[in-house]
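Scroll down for the structure; my scribbles are underneath it.
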Amino acid sequence: MRALLPLAGLLSTLPADRPALYDEDGEGWISYGALAARVRAASDVLARLPRSLAFLLFSNKVADVVAYLGLMSAGHVPALIDPGLPAPMRDGLIARYRPEILAGTLVQAPDGWMPLPGIPAVSAPDRTSPPGLHPDLGLLLTTSGSTGSPKMVCLSTGALAHNTGAIIEALSITGGDRAVGHMPLHYSFGLSILQTHLVAGGSVLLTSRSMVESDFWDLVRSGGATSLSGTPFHMRLIGRLGLDALDLPGIRVMTQAGGRFPPDLARPLHAAMAGRGGRYFVMYGQTEASPRLTTLPAASFPSHEASVGLPLHGGAIDVVDPDGRPLPPMETGEVLYRGPNVMMGYAETRSDLALGDRMGGVLRTGDLGHVDREGFLYLTGRANRFAKIAGLRINLDEVEAMAGAGVRVAAVERDGSILLFAERLEEAECRTLNHSLADRLRLSSRTLRVRAIGALPVTAKGKVDYARLRDMP
Amino acid sequence: MKLEDVLAEIFIDVLRLDKDVDVKTLKYRSTEKWDSLAHMELVTALEERFDIMLDNVDVLRISSFQAAVDIIGTKYGVAVEA
């Protein structure tokens with residue numbers, strides 16, 4: 001049995017007539033029976049090829065999900081690629097990793113590649129002794145979807161399966177839950193929503209529409225969604241549009257991950273869910289952890305609203321000092337996670353895919369935080385978001401917080417000074433902010449500079465793109 | 001300056017487009033840089049430039065340059081003078 005994830009086999013054990021995936025391009029609901037049959041057919045074709053690395057340009061379509069599950073089921077190793085990645089970057093990744101299969105409805109077969117019958121995938125013409133794939137390796141995810149960075153996260157099938165189960169348990173996902181698959185499936189948060197709901201026997205409305213389109217909300221209502229997930233960007237948008245005005249009585253579960261979301265904005269969403277007997281979950285994860293690390297139980301939100309919660313089943317959190325020594329509760333240090341869902345390691349070239357586990361189940365998250373006496377985790381910033389200015393360690397997140405809530409800012413270190421980009425600030429306002437911040441940080445106006453910017457660049461995940469800011473002319 | 005010209009400046013700035021782009025062709029999703037994040041930046045830029053607060057329904061309806069012209073011009077009564 002080469003099946004790497006129990007998911008594909010599990011599909012056929014669920015009631016065949018139960019809806020699994022909604023296809024917005026006309027097919028409507030696909031039942032578990034139909035999905036299992038399509039995955040089996042894809043897997044049968046794919047299993048004729050030796051174990052391969054498959055680049056999957058994963059768009060939110062049923063055919064691409066079938067390709068994903070078929071690849072998994074046939075024992076191949078999918079690497080999930082943003083279909084919107086510019087062609088030169090995608091080709092750079094292909095040259096570096098030399099996948100033997102390209103899959104996805106948006107794939108345009110390069111010259112000489114052979115189409116595989118019945119599935120959106122092509123097979124490489126030249127398969128001369130590709131470097132091996134480690135037996136534990138199950139899935140590759142990119143660390144930065146939008147920049148085409150060659151660094152990938154290597155996840156074992158065991159880690160993925162464990163985390164999927166732990167999320168289902170923490171969120172009590174059941175066959176009655178229907179999620180909205182609106183986030184990209186090559187993004188670990190979007191992928192986890194798909195996987196957890198399928199394994200739990202629930203259903204997913206796959207859509208390429210987004211929350212700024214009225215068609216999206218029509219689909220959520222008419223499709224009978226019960227669960228809505230998003231990043232801080234999505235939650236902010238829901239807050240602005242108003243949960244009541246959106247008229248979504250069927251939504252009983254909301255899950256937020258992908259970055260810090262202010263408790264002031266989360267509170268009304270939690271109250272709305274609690275008021276209808278539903279639940280609002282704050283979660284924390286990293287792609288490196290398959291991806292979930294902690295979840296705040298919905299009932300704990302009122303008493304721990306600034307917390308990202310407790311480690312998932314099988315995981316443990318330690319907060320450590322710069323020398324790696326564990327710190328007592330309430331003391332701030334780097335958050336260290338131990339658990340069976342930690343990645344095998346990073347890859348930067350094809351030959352790295354032959355390597356076994358090099359993490360030992362321990363992940364240095366790079367996040368700063370503390371745990372309270374009950375074990376709830378609070379995040380306070382990034383460990384590597386420290387600038388060193390004239391010998392002083394300055395937390396760039398704190399500099400941003402000092403600028404106040406009225407303006408969107410992002411701080412980076414450059415050439416021994418702090419550069420703070422402020423969205424749409426007038427020149428005079430920049431000068432005022434520059435003076436007040438420099439005063440508070442006791443820096444000169446040359447070691448701290450405030451610059452106006454039309455809009456802060458963001459990554460595919462909607463987070464501020466600090467790398468681009470550091471390189472701005 | 002006509003409303004269309006002011007809107008064109010805003011769209012070109014927020015979506016980081018070439019100055020000579022035909023703004024009339026701009027549509028959500030089919031214009032590459034116009035994704036959901038950019039959409040909300042557009043909404044903020046429009047609200048600040050015209051000192052208005054867009055209704056929810058209009059946030060979702062501004063799905064093309066022409067829709068923005070219609071909605072900002074008629075519903076919010078914005079007329080731009082020289």
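So that the names make sense, note that chain A is the first sequence line, chain B the second, and so on, each numbered from 1.
No more than 12 heavy atoms of other residues, nucleotides or ligands lie within 6.0 Å of CG in A/D244, so this atom counts as exposed by the packing criterion. With a 6.0 Å radius and a threshold of 12 heavy atoms from other residues, nucleotides or ligands, B/K27 has its NZ atom at or below the threshold.
Contacts between residues 419-433 of chain A and chain B, defined by a heavy-atom separation under 4.5 Å, are made by A/R424.
Note: B/M40 CE to A/H234 NE2 = 11.0 Å, rounded to the nearest 0.5 Å.
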**OP:** Go through A/L241 and B/L60 one step at a time and tell me if the side chain to side chain contact (heavy atoms under 4.5 Å, CB included) criterion holds.
**Re:** CA-CA 9 Å; A/L241 297 174; B/L60 304 181; 4.0 Å; yes
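In this structure, chain A has no heavy atom under 4.5 Å from any part of B/I10. If you measure heavy-atom distances from B/V57 to chain A, you find no contacts under 4.5 Å at all.
Looking only at heavy-atom pairs under 4.5 Å with chain A, the residue among B/T44, B/L54, B/D35 that has the most is B/L54.
Applying the salt bridge (Lys or Arg N to Asp or Glu O under 4.0 Å) test to residues at least two apart or on different chains, the pairs with a partner in residues 204-218 of chain A are A/R209-A/E213, A/R209-A/D215, A/E213-B/R29, A/D218-A/R221.
The shortest non-hydrogen separation linking B/S36 to A/F233 is O-CZ, 3.3 Å.
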